[in-house]
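Data first, discussion second: the structure below is written as C-alpha cells.
Letters A, B, ... are given to chains in the order of the sequence lines, protein chains preceding strands, and every chain is numbered from 1. Just so it is clear, the model here is predicted, and its values are computed rather than measured.
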Amino acid sequence: MKPADAIRAELGRIALELGAPEGTDVVLERPREAAHGDWASNVALILARPLKQKPRDIAEKIRAQFRAEEAGVATVEVAGPGFLNFRLRPAVIASVAGEIVAAGESYGRSDVGRGAAVNVEFVSANPTGPLHVGHGRQAALGDAIATLLEHTGWDVSREYYYNDAGAQIDNLAASVRARLLEARGESAEIPEGGYHGEYIREIAASFQGDADDLAAVRAHAVRALRLEQDLDLAAFGVTFDMYFLESSLYEEGLVEKTVAALTRAGKTYEHEGALWLRTTEFGDDKDRVMRKGDGTYTYFVPDVAYHVTKWERGFKRAIDVQGADHHSTVTRVRAGLQALGIGIPEGYPEYVLHQLVTVTRGGQEVKISKRAGSYVTVRDLIDEVGRDAVRYFFIMRKGDSPLIFDVDLARSQSEENPVYYIQMAHARMCGIFRVGAEQGIATAAAVDADLSLLTEAEEQQLIKALEDYPAELAGSAAALEPQRIASYLLETARLAHLWYHKHHVLGQEEALMRARLVLARAAQIVLANGLSALGITAPERM
RNA sequence: GCGCGCGUAGCUCAGUUGGAUAGAGCGUCUGCCUCCGGAGCAGAAGGUCGUGGGUUCGAGUCCCGCCGCGCGCACCA
C-alpha cells in the first residue's frame with residue numbers, strides 16, 4: 001500500500017467514527033509549502049458543516065485518534081483554519097522508489113476506463129493540400145490524448161475523417177484542371193477559393209488522362225493528396241485505426257437516412273424552399289438549414305450522420321479534436337444527435353478545441369512554405385526540428401491558448417529547450433547504468449536494496465514527484481489535457497537533474513550506491529513512461 | 001452587436017477541478033563550483049492574478065458586469 005493510501009484509509013476510519021456522512025471524500029493533497037509536510041488534508045474543514053463543529057476542534061480530534069505508526073507517519077499537525085499536515089518517515093517515502101521499479105513500464109497506468117470503447121477523431125483534414133501546423137497541433141494533441149486514455153484503461157480507436165465530398169474538393173479538381181489546361185497551352189484561371197500551391201502543379205504533372213474528364217482529375221487529385229497526407233502522418237509517427245470517408249456516407253445512404261430519421265422525429269420543417277432542423281430546441285441560438293434550396297445538404301448533416309455511426313459502432317465516448325475555428329459545429333452536431341432521440345448522451349461527442357499556431361524563426365513569424373505557398377506545413381517543421389520536439393511543442397500549452405512555435409528553441413540542443421531537458425534527464429539516468437557497466441560495477445537496480453538510505457532532501461523530493469505520476473496521468477487523461485504531463489515531466493526532470501548534480505551514485509559505499517541505483521531506475525522509468533504517453537521517445541543517450 | 005476562448009513576475013508560461021504566505025524557466029543582481037555527460041549550485045529582487053462586484057470558513061480557480069486580445073457568427077466546410 002502506498003503511503004498516501006494508508007493515510008487516507010486512516011482518515012476515513014476516523015471520519016466515520018466522528019459521525020461523518022457516508023461517502024465523505026477524503027482528499028489528500030501536496031501542500032504548496034514544504035514546511036507544511038508531505039501530505040495535507042482538509043477533511044476537518046469539509047466536516048465542519050455536517051458535524052456542526054469548529055474545523056479546528058474536529059482536526060484536533062482526528063489528530064488525537066490518528067494511528068501514526070501504522071500509517072507510516074512521523075508527525076501530524078493541525079494548522080491554519082483546520083488543515084491536517086502529515087509528515088512521513090523518510091524511509092516510508094523512499095520505499096516508493098522500490099514500488100516504481102517493481103511496476104516498471106506499467107507504473108502509473110490504471111483501469112478507470114474499464115476497457116470501454118472510445119473513439120478519438122483528429123486531424124481530419126480535407127484532402128486538398130499538405131498538412132499545416134494546425135493539423136500538426138491536432139495530430140500531437142489527438143495522439144497524446146488517445147495514448148493517455150489507453151494508459152488509463154480505455155479501449156481507444158484513432159480515427160481520421162476525410163471530408164472528400166464537399167465543395168472544396170470541387171475547387172481542388174478545378175485548380176488542378178486549370179494547371180492541366182495551362183500545360184496544354186490554354187489560358188486558365190485558378191477559380192475563386194481554389195488552391196495555388198506548388199503541389200497543385202505536381203499533381204497536374206503526374207496526371208495521365210484527359211484533362212477534360214473532371215471526375216478523373218478529381219479522383220487523381222484526392223488520391224495524390226491522401227497519399228501525401230499519409231506521408232506527413234508517417235513522418236510524425238501517427239497511425240490511425242480507421243480512415244472514414246465522408247463520401248461513403250452518401251454512397252451508403254446514411255445522410256438520407258439521418259435526414260429521414262430527423263424528419264420522422266418531428267424535429268424538422270420546410271421554410272422558403274429549404275429543410276430546417278429545430279436546433280434551438282437543443283441550445284442553438286437559431287434553427288439551421290439542413291437541405292438547401294438546390295437540394296444539397298449543409299456540411300453539418302453528414303457530420304451528424306457520421307457521429308451516429310460512431311455511436312452505432314459501440315463507442316461509449318467520442319472525442320473530436322478540432323481547431324477552435326470550427327466551434328460553431330459543436331452545438332449543431334450535438335443538437336442533431338439529440339434530435340434523433342436514440343439515447344445518445346447529451347455531451348456526445350466531446351470536443352477538444354485548440355487555438356491557432358504561429359511559427360517563429362529568429363523572432364519573426366514564418367508564414368510561407370515553398371510547396372504549399374500560403375502556409376507552413378507539418379513536414380517543414382518535422383524536417384527542421386525533429387519529430388519529438390514537434391510533438392512536445394504542440395502539446396506543451398493547453399489547447400485553449402494560442403501557441404507560438406519557436407523553431408530556434410525547438411531545435412536547440414540546450415537545456416532551455418524543454419524536450420531536450422527532459423530527454424537529457426532520462427539519458428542521464430541511463431548513463432549511470434551504462435557507465436557503471438563499463439566500469440565493471442554491478443548496477444542492477446535491485447529492489448532489495450536498503451532504500452531507507454535515501455534520506456537526502458533532493459532524493460526525498462524526487463521520490464515524492466515520482467510518486468505523483470499516477471495521479472498526474474489520471475488527471476491529465478480525465479481532463480483530456482496532455483500539457484499537464486508535459487509540465488509534470490519538466491518539473492520531474494528538473495528534480496532529477498538536481499539530484500544528479502548534487503549526489504553521485506557510482507563510487508559510493510556499496511549499500512548507498514545500491515539504494516541510489518534503485519532511485520535512478522525509478523526516475524528513468526517515470527520519465528520514459530511519461531514521454532511515451534505523449535508519443536515522444538526516451539533516448540538512452542543523446 | 002451575438003457566441004466561444006484567453007488575460008498570472010520584465011519575457012515565456014505552470015497552477016493538481018475551491019485551500020494555507022500565488023510558482024517555474026529565461027532575463028537581471030550577489031556569491032560559490034568545474035563533478036557519472038556539455039555547466040551547475042545557493043540566494044536576492046521582481047505580483048492589486050485585466051478590472052469592479054458577488055457566492056463562503058477560504059477565490060487565480062465558481063457566478064455577474066466592464067475593459068483588452070483572438071476565433072466564429074452563410075441555404076461555405
Side-chain angles (χ1 to χ4, degrees), chain A residues 27 29-33 35-36 40-42 44-46 48-49 54-56 79-83 85 124 126 128 163 165-169 171 193 246 271-276 284-286 288-300 302-303 323-331 351 353-356 358 396-402 404 406 409 413-418 420-421 424 427-436 438-439 441 458 468 471-472 474-476 478-479 481 483-484 486-488 490-491 494 497-498 500-508 520 541-542:
Chain A
V27 177
E29 47 190 25
R30 293 287 191 193
R32 280 188 233 199
E33 290 284 323
H36 292 152
S41 177
N42 63 351
L45 292 126
I46 300 290
R49 193 183 295 267
K54 291 178 186 166
R56 280 200 70 109
F83 286 100
N85 290 338
S124 296
N126 303 328
T128 55
N163 289 107
Q168 70 283 45
I169 300 296
N171 279 333
E246 182 188 4
H271 179 65
E272 292 180 351
L275 183 67
W276 297 66
D284 205 351
D285 52 359
K286 58 181 176 183
R288 304 290 168 175
V289 168
M290 295 173 67
R291 191 171 56 220
K292 297 179 265 182
D294 65 3
T296 62
Y297 295 106
T298 53
Y299 69 92
F300 86 95
D303 240 25
D325 54 341
H326 284 74
H327 81 252
S328 60
T329 71
V330 173
T331 312
Y351 284 88
L353 303 180
H354 68 83
Q355 300 289 329
L356 293 181
T358 308
M396 70 181 177
R397 304 280 175 248
K398 60 181 154 200
D400 291 335
S401 305
I404 296 171
D406 182 341
L409 181 60
Q413 301 281 298
S414 78
E415 307 202 342
E416 287 167 37
N417 180 347
Y420 181 87
Y421 188 72
M424 186 64 178
R428 274 183 164 157
M429 297 303 117
C430 294
I432 293 169
F433 293 96
R434 187 175 55 247
V435 170
E438 283 164 14
Q439 294 175 358
I441 299 169
E458 292 78 9
D468 289 341
E472 293 285 343
S476 183
E481 291 182 351
Q483 91 280 353
R484 289 198 198 178
S487 299
Y488 167 80
L490 195 58
E491 171 64 11
R494 195 177 70 82
H497 283 299
L498 219 136
Y500 176 90
H501 281 293
K502 194 141 183 185
H503 305 289
H504 277 211
V505 176
L506 303 178
Q508 300 294 314
R541 59 199 311 168
M542 300 181 69

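- Proximity note for A:Val435 (side chain, C-beta onward) versus B:A20, B:C36, B:A77: the nearest is B:C36.
- Among the atoms of the strands shown, base atoms are found under 4.0 Å from some heavy atom of A:Gly293.
- The base-pairing partner of B:G65, taking Watson-Crick or G-U wobble contacts with both distances under 3.5 Å, is B:U51.
- Counting any heavy atom pair closer than 4.0 Å across all strands shown, A:Met424 reaches a base atom.
- Distance A:Ile432 CD1 to B:C35 P: 17 Å, rounded to the nearest Å.
- Base engagement by A:Ala479 is indicated by at least one non-hydrogen atom pair under 4.0 Å involving a base atom.
- For the pair A:Asp325 and A:Cys430, both in contact range of RNA chain B, the more 5′-proximal nearest nucleotide belongs to A:Cys430.
- Scanning atom types as modelled, no donor and acceptor separated by under 3.5 angstrom connect the side chain of A:Asp303 and the base of B:A77.
- Taking atom C1' on both nucleotides, B:C71 is separated from B:G65 by 23 Å, rounded to a whole Å.
- In this structure, A:His504 packs face-to-face on the six-membered ring of B:C36, meeting both the 5.5 Å centre cutoff and the 30° plane limit.
- Within 4.0 Å (heavy atoms only), A:Arg397 reaches sugar-phosphate atoms of the nucleic acid but no base atom.
- Heavy atoms of A:Met542 sit under 4.0 angstrom from at least one base atom.
- Pairing of B:G38, defined by two Watson-Crick or G-U wobble distances under 3.5 Å, is not identified with any nucleotide.
- In this structure, A:Ala79 reaches the bases: a heavy-atom distance under 4.0 Å links it to at least one base atom across the strands shown.
- Between the CD atom of A:Glu481 and the P atom of B:C6 there is a distance of 10 Å, given to the nearest Å.
- For B:C73, the paired base is B:G1 (Watson-Crick or G-U wobble, both distances below 3.5 Å).
- When all heavy atoms of A:Met396 and A:Pro418 are compared, the pair lying nearest together is SD-CG, 4.3 Å.
- If you check every strand for non-hydrogen atoms under 4.0 Å, A:Glu415 touches sugar and phosphate atoms only.
- Residue contacts for A:Tyr500: at a heavy-atom cut-off of 4.0 Å it reaches a base atom on one of the strands shown.
- Of the two residues near RNA chain B, A:His36 and A:Glu491, the one whose nearest nucleotide lies more 5' is A:His36.
- Across B:G70 and B:C33, the matching C1' atoms stand 47 Å from one another, rounded to whole Å.
- Under the Watson-Crick or G-U wobble criterion, with both distances below 3.5 Å, B:A44 is paired with B:U28.
- The phosphate of B:C36 has neither OP1 nor OP2 within less than 4.0 Å of any side-chain N or O from A:Arg428.
- Between the CG atom of A:Asn417 and the P atom of B:C26 there is a distance of 13 Å, rounded to whole Å.
- Within 4.0 Å (heavy atoms only), A:Ser328 reaches at least one base atom of the nucleic acid.
- Contact between the side-chain N/O atoms of A:Gln483 and the OP1/OP2 oxygens of B:G15 is found at a separation under 4.0 Å.
- Note: CD (A:Gln439) to P (B:G37) measures 9 Å, nearest angstrom.
- Residue A:Ala478 is out of contact with every strand shown, counting any heavy-atom pair closer than 4.0 Å.
- Of the nucleotides present, B:G19 is the one that pairs with B:C57 by Watson-Crick or G-U wobble criteria, both distances under 3.5 Å.
- Residue contacts shown for A:Arg541 include a base, since a base heavy atom lies under 4.0 Å away.
- Nucleotides B:G10 and B:U56 have their C1' atoms positioned 36 Å apart, rounded to a whole Å.
- With hydrogens and angles ignored, a donor-acceptor pair under 3.5 angstrom links the side chain of A:Asn42 to the base of B:G19.
- Counting only heavy atoms from C-beta on, A:Trp276 has its side chain closest to B:C75 among B:A24, B:C75, B:G37.
- To the nearest whole angstrom, the two C1' atoms, one in B:G27 and one in B:A9, are 11 Å apart.
- One P atom belongs to B:A74, the other to B:C66, and the distance between them is 23 Å to the nearest Å.
- If you measure from atom OH of A:Tyr351 to atom P of B:G3, you get 21 Å, rounded to the nearest angstrom.
- For the pair A:Lys398 NZ and B:U17 C1', the computed distance is 12 Å after rounding to whole Å.
- Using a 4.0 Å heavy-atom criterion, one finds that A:Asp400 contacts the sugar-phosphate atoms exclusively.
- Put simply, the side chain of A:His327 and the base of B:G3 share a donor and an acceptor less than 3.5 Å apart.
- Atom CD in A:Glu29 sits about 8 Å away from atom P in B:A20, given to the nearest Å.
- Ring-base stacking between A:Phe83 and B:G19 is not satisfied when judged by a centre separation under 5.5 Å and a plane angle under 30°.
- Rounded to an integer number of Å, the gap from A:Leu409 CG to B:C26 P is 12 Å.
- Contact annotation for A:His497: no contact, since no heavy-atom pair falls under 4.0 Å across all strands.
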